[in-house]
Undergrad: 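This structure is in structure tokens; I'll ask about it shortly.
For this chain, numbers begin at 1 and follow the sequence in order.
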Amino acid sequence: MARTEVLISGFGGQGVVRIGQTLGLAAVLSDLHTTMLVSHGTETRGGYVRTQVVISDEQIDSPVIESPDYFCAMSNAAYQRFRHMMDQGTLIYDPGFVTPDDSLGCKQTAVPARNLSAEHFGKELFANMIMYGYIIRRLNGKISKEQAIEALKQRIPRSLEENIKAFELGYAL
């Protein structure tokens, strides 16, 4: 497997870092190399958050993402901030927050994670695990569904049943 770069960004409280942590652990459980960088504003909630995850079957020389294979935009501010990096790859966005720019050269896919979470769980809390499931499925077997769920169990033991259901919702999209 070649180097795969995943950029996830949104605002504090959406679980952006949790997606990155869980994705990184799933890669480790799959015997892959991984790195993760986190950057966020000083606000406790509502400020800017970015997680960069690099996954490879070889040692990783740099944890910095330069050309994301996947960019998950969970807010319009995140979309606007990083869309310039997407000359290829797949840009995944939540249409509840983002209005896409059709002039971009990359593939753009709407994943209504916020609405699905509200519809299925009565709150938006599980939108991040819907996105996580969607990303895992798009990695085309680099990380198995079983390893992804095991990572979820280890990283997020609270509300486990709902988180797994949310993961399954995203994985099925």
Undergrad: Kindly say whether Leu25 contributes a backbone atom to a donor-acceptor pair with the side chain of Glu150 at under 3.5 angstrom?
TA: no

Undergrad: Does Pro100 offer a backbone N or O that forms a donor-acceptor pair with the side chain of Arg83 under 3.5 Å?
TA: no

Undergrad: Taking Arg3 first and then Glu58, would you say they form a salt bridge - that is, a charged N and a carboxylate O separated by under 4.0 Å?
TA: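 Here Arg3 does not pair with Glu58 in a salt bridge, since their nearest N and O are not under 4.0 Å apart.
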
Undergrad: With a distance cut-off below 6.0 Å to the six-membered ring centre and an angular limit of 45° from the axis, does Arg81 pair with Tyr48 as a cation-pi contact?
TA: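 Relative to the ring axis of Tyr48, which defines the angle, Arg81 lies inside both limits.
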
Undergrad: Using atom types as modelled and distance alone, determine if a side-chain donor or acceptor of Tyr132 lies under 3.5 Å from a backbone N or O of Leu152.
TA: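 Between the backbone of Leu152 and the side chain of Tyr132 there is no qualifying donor-acceptor contact (under 3.5 Å).
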
Undergrad: Report yes or no: does Ser117 contribute a side-chain atom to a donor-acceptor pair with the main-chain N or O of Lys123 at less than 3.5 Å?
TA: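 Yes, because the side chain of Ser117 sits within donor-acceptor range (under 3.5 Å) of the backbone of Lys123.
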
Undergrad: Keeping Gln14 on the side-chain end and Phe11 on the backbone end, is there a donor-acceptor pair under 3.5 Å?
TA: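 A pair under 3.5 Å: yes.
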
Undergrad: With a 4.5 Å limit on heavy-atom distance, are the side chains of Thr51 and Leu23 in contact?
TA: no

Undergrad: I'd like to know if the side chain of Glu5 and the backbone of Ile65 have a donor-acceptor N/O pair within less than 3.5 Å.
TA: no

Undergrad: Taking Asn163 for its side chain and Arg158 for its backbone only, find out whether a donor-acceptor pair lies under 3.5 Å.
TA: yes

Undergrad: Can you list the steps and then say if Met129 with Leu169 is a side-chain contact (heavy atoms from CB on, under 4.5 Å)?
TA: CA-CA 9 Å; Met129 287 300 103; Leu169 272 171; over 6 Å; no

Undergrad: I would like to know whether Ser30 and Lys142 meet side-chain contact (heavy atoms from CB on, under 4.5 Å); could you show each step before the answer?
TA: CA-CA 8 Å; Ser30 299; Lys142 293 174 184 166; over 6 Å; no

Undergrad: Where the side chain of Thr34 meets the backbone of Val54, is there a donor-acceptor pair that is under 3.5 Å apart?
TA: yes

Undergrad: List for me each residue that meets salt bridge (Lys or Arg N to Asp or Glu O under 4.0 Å) alongside Glu161, sequence neighbours excluded, and say none if there are none.
TA: Lys165

Undergrad: Table please: side-chain donor-acceptor pairs of residues 89-97 below 3.5 Å, with sequence neighbours left out.
TA:
{"unit_1": "Asp94", "atom_1": "OD1", "unit_2": "Gly96", "atom_2": "N", "d": "2.8"}
{"unit_1": "Asp94", "atom_1": "OD2", "unit_2": "Ala113", "atom_2": "N", "d": "3.4"}
{"unit_1": "Asp94", "atom_1": "OD2", "unit_2": "Arg114", "atom_2": "N", "d": "2.9"}

Undergrad: May I ask you to test the Met85-Phe71 pair for a side-chain heavy-atom distance under 4.5 Å?
TA: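 Heavy-atom side-chain distance check fails, nothing below 4.5 Å.
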
Undergrad: Just by modelled atom types, is the Val64 backbone N or O under 3.5 Å from a matching donor or acceptor in the Gln52 side chain?
TA: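 Looks like no, no N/O pair under 3.5 Å.
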
Undergrad: Should Val6 and Cys72 count as side-chain neighbours, where that means a heavy-atom distance under 4.5 Å?
TA: no

Undergrad: Looking only at non-hydrogen atoms, find the nearest pair between Phe121 and Ala166 and report the distance.
TA: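 Minimum heavy-atom separation between Phe121 and Ala166: CZ-N, 3.6 Å.
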
Undergrad: For the backbone of Val16 and the side chain of Asn128, can you confirm whether one donor and one acceptor N or O come within less than 3.5 Å of each other?
TA: no

Undergrad: Can you list everything that forms a salt bridge (Lys or Arg N to Asp or Glu O under 4.0 Å) with Lys107? Sequence neighbours excluded, please.
TA: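 Salt bridge (Lys or Arg N to Asp or Glu O under 4.0 Å) list for Lys107, sorted by chain: empty.
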
